[in-house]
Trainee: 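One structure is given below, represented as structure tokens, and several questions about it will come after.
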Protein chains: 4
Amino acid sequence: MKRKGPKYEKIIDAAVNVIAEHGYHQSQVSKIAKEAGVADGTIYLYFKNKEDLLVSVFNEKMGTFIEKTENELKSNDSAIQKLRILVEMHFKQLTADFELSIVTQLELRQTNRQLRAKIGEVLKRYLDLIDSILKDGMQEGVFVKNMDYRLARQMIFGTIDETATNWVMNDHRYDLPALAGPVHQMLVNGLSVRSVNLDD
Amino acid sequence: MKRKGPKYEKIIDAAVNVIAEHGYHQSQVSKIAKEAGVADGTIYLYFKNKEDLLVSVFNEKMGTFIEKTENELKSNDSAIQKLRILVEMHFKQLTADFELSIVTQLELRQTNRQLRAKIGEVLKRYLDLIDSILKDGMQEGVFVKNMDYRLARQMIFGTIDETATNWVMNDHRYDLPALAGPVHQMLVNGLSVRSVNLDD
Amino acid sequence: MKRKGPKYEKIIDAAVNVIAEHGYHQSQVSKIAKEAGVADGTIYLYFKNKEDLLVSVFNEKMGTFIEKTENELKSNDSAIQKLRILVEMHFKQLTADFELSIVTQLELRQTNRQLRAKIGEVLKRYLDLIDSILKDGMQEGVFVKNMDYRLARQMIFGTIDETATNWVMNDHRYDLPALAGPVHQMLVNGLSVRSVNLDD
Amino acid sequence: MKRKGPKYEKIIDAAVNVIAEHGYHQSQVSKIAKEAGVADGTIYLYFKNKEDLLVSVFNEKMGTFIEKTENELKSNDSAIQKLRILVEMHFKQLTADFELSIVTQLELRQTNRQLRAKIGEVLKRYLDLIDSILKDGMQEGVFVKNMDYRLARQMIFGTIDETATNWVMNDHRYDLPALAGPVHQMLVNGLSVRSVNLDD
DNA sequence: CATGAATGAGTTTTCATTCAT
DNA sequence: CATGAATGAAAACTCATTCAT
């Protein structure tokens, strides 16, 4: 199983193109091979099976996605600023590649539980990023102490993801990065100490 | 196409059971028929085809789900209280039927675009409920004026949905309704006037 | 098995209509029942099964067809005149009922060997008619002596049938009975003593 | 869609065998594949679908049939001699392959209108052959001037076809080519100038 | 006599994967 | 390394017929 080489990249990219264009259930291995300019059998020299290919697509693309975000977060910014960077990077990167956005937001979700579990593992790294921002914010005293990490993370990811999915489902018709500001504002409010206390 | 009768209900319920147990892609019509105690062909007396059955499952179950929520929201409560009711009803109803929660949160999302579009139509009514709460809150002056409806709605639905999905993926291991309070708190903060202003 | 009654006729006629309109393979029992204004099960009070119904359609309609021809041939006409009457009656009767012509010339031929064997039995009576004309003609001395009955009959029936089928396949676009004259002329020539002798 | 190769031939021949033996409606793709010694899926590498296979069977076999006839007719024979060749070739070729004769005379007629339309296109070439003989005969002055081409063609084809079909339905029990002479005689008589004039 | 809801057997086609070249 | 022809398992849907009412 060769894991690298020019054809490896070609196949990954071909898969993104084909899935974006024809949809997950119409993306047969032979169609991806043709798009990549290789024989069907060649796919199996680089990937164990179709599921492995799809997971690899997500790994490679989401890996780059996460790394870029990680790099931008290495600054000494405050937690609030970092959250802003996270949201902005998320929206900007999806905007930079419409096809990829279709694949990750819509098509790769039509997979079975097993495949999504593997996709979940990749996402773990991203969720960890969010967690570290939350931790920072609590240490800085700007986010509510003793908050439920998991819930906060779910609000952040859920909001960002829902916003991104709606944008894709609306055919990328509006400016997604422009929403980073308002979304960030809402999330910060939701997490901040200086906010409504329902126990008042 | 008979749309009522005891067998109609039986088939719908059998579909939920089978999908929850075996997963969407392993839920053959014959398996559902067997579970319902009818012949394969009988399914087609009540549903046009398999897709129609699946949409009907979502319609029937989600319809009841939304109606119950609507009824609870007919009170004269404040927008903040209504949002609390919405979150609580959402979590309570999912808790009341584990199988249904698996089907709606995990399995029915593995469907193709066409089926999901039809599912989206049903969800529209739920999103409208959220919108009306947001409108109330703005009129009451507790939610930020001129907020982006769509974004706010996406935060609310995204957060609730992500929280619910995580709960199902963690095998219902913890008390979901107990999270209604904190989730509600975060959402209200996110939307309220009395919160952090990043432009400060 | 009731063999008569108003519903028997209704069902037969409904079958002709449905087959003519939808084609043999799209003529389900339920469709015929609906057209006849009876319940599906009622068909089985009058006919043993679907094949029996189809054979009965052919029997009833072809029976009348043949009887009318037989009646016209009871005259003391010459064999040549009788052949003319036969061809003319054939074309006129098909022209009188377009739907029936579609059913007998096109649709009922799409049946399996078994059903066509039964249809063949009904046709036997018609072929006997032809044979008796041939016999007359030989006795009169106008048709070739010692001719091969079977071959002559096949030429007559084959020609008439092929002509009729072509007319139906051309959507009854031209005047079929007008062809009776020329067809008759050709057939008589083919059979007559006063014609080309290839052994010359 | 591979249109050639040894398996293409094998599948075509297997189809003829299976249809001749089991009948059109009992000739499942899997049965044909088994007879051809290939996997079911292999059929679909060579044919678009089952209908395409059946049309191809007719095309290939009837194509050869027609070509052989065309070749025999390239001589400088008279129209009458050519007609003799046509009839003889027709009967001889059917006699040379009993299975094929069953398929073309009985089984392939049980198809729906769509399939028969495609079969009709292939037959067109054969009917053109007949037409050209008729034209020759008229130019030679041996066939009636200003005759109705279509009618004459229908007599010739109808007679030959009916004769062949009867022979097959009688289980090939007699010598079909031996009938070429008498059939030819009848047809020539039917068409000739030196014959009975009913207007006498 | 009549109904019509229910039955369940039966077939085409797709496509991930293999392996001889 | 690369090819691509071949494999064969798997599933939705139809419709003639029955039988309880």
Side-chain angles (χ1 to χ4, degrees), chain A residues 1-2 5-8 25-34 36-54, chain B residues 1-2 5-8 25-34 36-54, chain C residues 1-2 5-8 25-34 36-54, chain D residues 1-2 5-8 11 25-34 36-53:
Chain A
M1 182 99 17
K2 276 186 70 70
K7 294 201 174 167
Y8 178 83
H25 289 292
Q26 280 308 306
S27 297
Q28 297 85 352
V29 170
S30 63
K31 204 178 274 177
I32 294 171
K34 194 175 179 185
V38 302
D40 294 16
T42 305
I43 302 267
Y44 292 86
L45 298 176
Y46 292 87
F47 304 92
K48 206 165 64 154
N49 50 35
K50 188 180 183 183
E51 178 175 311
D52 184 37
L53 164 57
L54 295 173
Chain B
M1 192 84 21
K2 314 197 74 56
K7 298 212 168 153
Y8 178 81
H25 290 291
Q26 278 306 309
S27 296
Q28 298 86 348
V29 170
S30 62
K31 206 178 273 178
I32 294 171
K34 195 174 179 185
V38 302
D40 292 17
T42 304
I43 302 269
Y44 294 87
L45 295 177
Y46 291 87
F47 304 93
K48 203 157 55 93
N49 49 35
K50 190 181 180 182
E51 176 175 311
D52 183 36
L53 165 57
L54 295 172
Chain C
M1 184 97 19
K2 273 186 73 68
K7 293 199 175 168
Y8 178 82
H25 289 292
Q26 280 307 307
S27 297
Q28 296 85 351
V29 170
S30 62
K31 205 178 272 177
I32 295 172
K34 195 174 178 185
V38 302
D40 293 15
T42 303
I43 302 267
Y44 292 85
L45 297 176
Y46 291 86
F47 304 92
K48 207 166 62 146
N49 51 35
K50 190 179 181 182
E51 178 175 310
D52 183 38
L53 164 57
L54 295 172
Chain D
M1 193 86 18
K2 315 197 75 57
K7 299 214 167 154
Y8 179 81
I11 294 166
H25 289 292
Q26 278 307 306
S27 296
Q28 297 85 349
V29 170
S30 62
K31 208 177 270 177
I32 295 171
K34 196 175 177 182
V38 302
D40 292 17
T42 304
I43 302 269
Y44 293 87
L45 296 178
Y46 292 86
F47 304 93
K48 204 158 55 97
N49 49 36
K50 190 180 181 181
E51 177 175 312
D52 182 37
L53 164 57

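Worth knowing before you read on, the calculation uses all heavy atoms, side chains too, and leaves out hydrogens, waters and symmetry mates. Proteins come first, then strands; the chains are lettered A, B, ... in the order of their sequence lines, and each starts at number 1. As the structure is a computational prediction, the values presented were derived from the model and not from experiment.
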Trainee: Rounded to whole Å, please give me the gap between NE2 in His25(A) and P in dT13(E).
Mentor: 22 Å
Trainee: So does Tyr46(D) get a side-chain nitrogen or oxygen closer than 4.0 Å to the phosphate oxygens (OP1/OP2) of dA5(F)?
Mentor: no
Trainee: Strictly by Watson-Crick or wobble contacts shorter than 3.5 Å, is anything paired with dC1(F), and which nucleotide is it?
Mentor: none
Trainee: Closer to the 5' end of DNA chain F via nearest nucleotide, is it Gly37(D) or Thr42(B)?
Mentor: Gly37(D)
Trainee: Let me know the distance between NZ of Lys34(D) and P of dA6(F), rounded to the nearest Å.
Mentor: 20 Å
Trainee: Expressed as a whole number of angstroms, how long is the span from Leu53(A):CG to dT17(E):C1'?
Mentor: 13 Å
Trainee: In whole Å, I'd like the distance from the NZ atom of Lys31(C) to the C1' atom of dA16(F).
Mentor: 14 Å
Trainee: Determine which nucleotide pairs with dT17(E), using a 3.5 Å limit on both distances of a Watson-Crick or G-U wobble pair.
Mentor: dA6(F)
Trainee: Lys48(C) has an atom NZ; how far is it from atom C1' of dT18(F), in whole Å?
Mentor: 16 Å
Trainee: Figure out the CG/P separation between Asp40(B) and dA9(E), and round it to whole Å.
Mentor: 9 Å
Trainee: If each of Gln28(D) and Lys7(C) is mapped to the nucleotide of DNA chain E with the nearest heavy atom, which maps nearer the 5' terminus, i.e. the 5' end?
Mentor: Lys7(C)
Trainee: Any donor and acceptor pair, going by atom type alone, linking the side chain of Lys50(A) with main-chain N or O of Val29(A) inside 3.5 Å?
Mentor: no
Trainee: Between dT13(E), dA16(E), dT3(E), which nucleotide gets closest to the side-chain atoms of Val29(D)?
Mentor: dT13(E)
Trainee: Please give, in whole Å, the distance from dA5(F) C1' to Tyr8(D) OH?
Mentor: 18 Å
Trainee: To the nearest 0.5 Å, what is the distance between CD1 on Ile11(D) and CG on Leu45(D)?
Mentor: 8.0 Å
Trainee: Heavy atoms from C-beta onward define the side chain here; which of dA5(F), dC1(F), dT17(F) lies closest to that of Leu45(A)?
Mentor: dC1(F)
Trainee: Of all heavy-atom pairs between Asp40(A) and Ser30(A), which one has the smallest distance, and what is that distance?
Mentor: OD2-CB, 3.3 Å
Trainee: So, OP1 or OP2 of dA6(E): does either fall under 4.0 Å of a side-chain N or O from Tyr44(B)?
Mentor: no
Trainee: 5'-most contact on DNA chain F: Ala39(A) or Ser30(B), nearest heavy atom basis?
Mentor: Ala39(A)
Trainee: Given dA5(E), dC13(F), dC15(E), identify the nucleotide with an atom nearest to the side chain of Gln26(A).
Mentor: dC15(E)
Trainee: Could you grab the distance from atom CD of Gln26(A) to atom NZ of Lys31(A), nearest 0.5 Å is fine?
Mentor: 5.0 Å
Trainee: Quick one: Ile43(C) CD1 to dA16(F) C1', roughly how many Å, whole number?
Mentor: 11 Å
Trainee: Is the ring pair Tyr8(B)/Tyr46(B) parallel, tilted or perpendicular, if the boundaries are 30 and 60 degrees?
Mentor: tilted
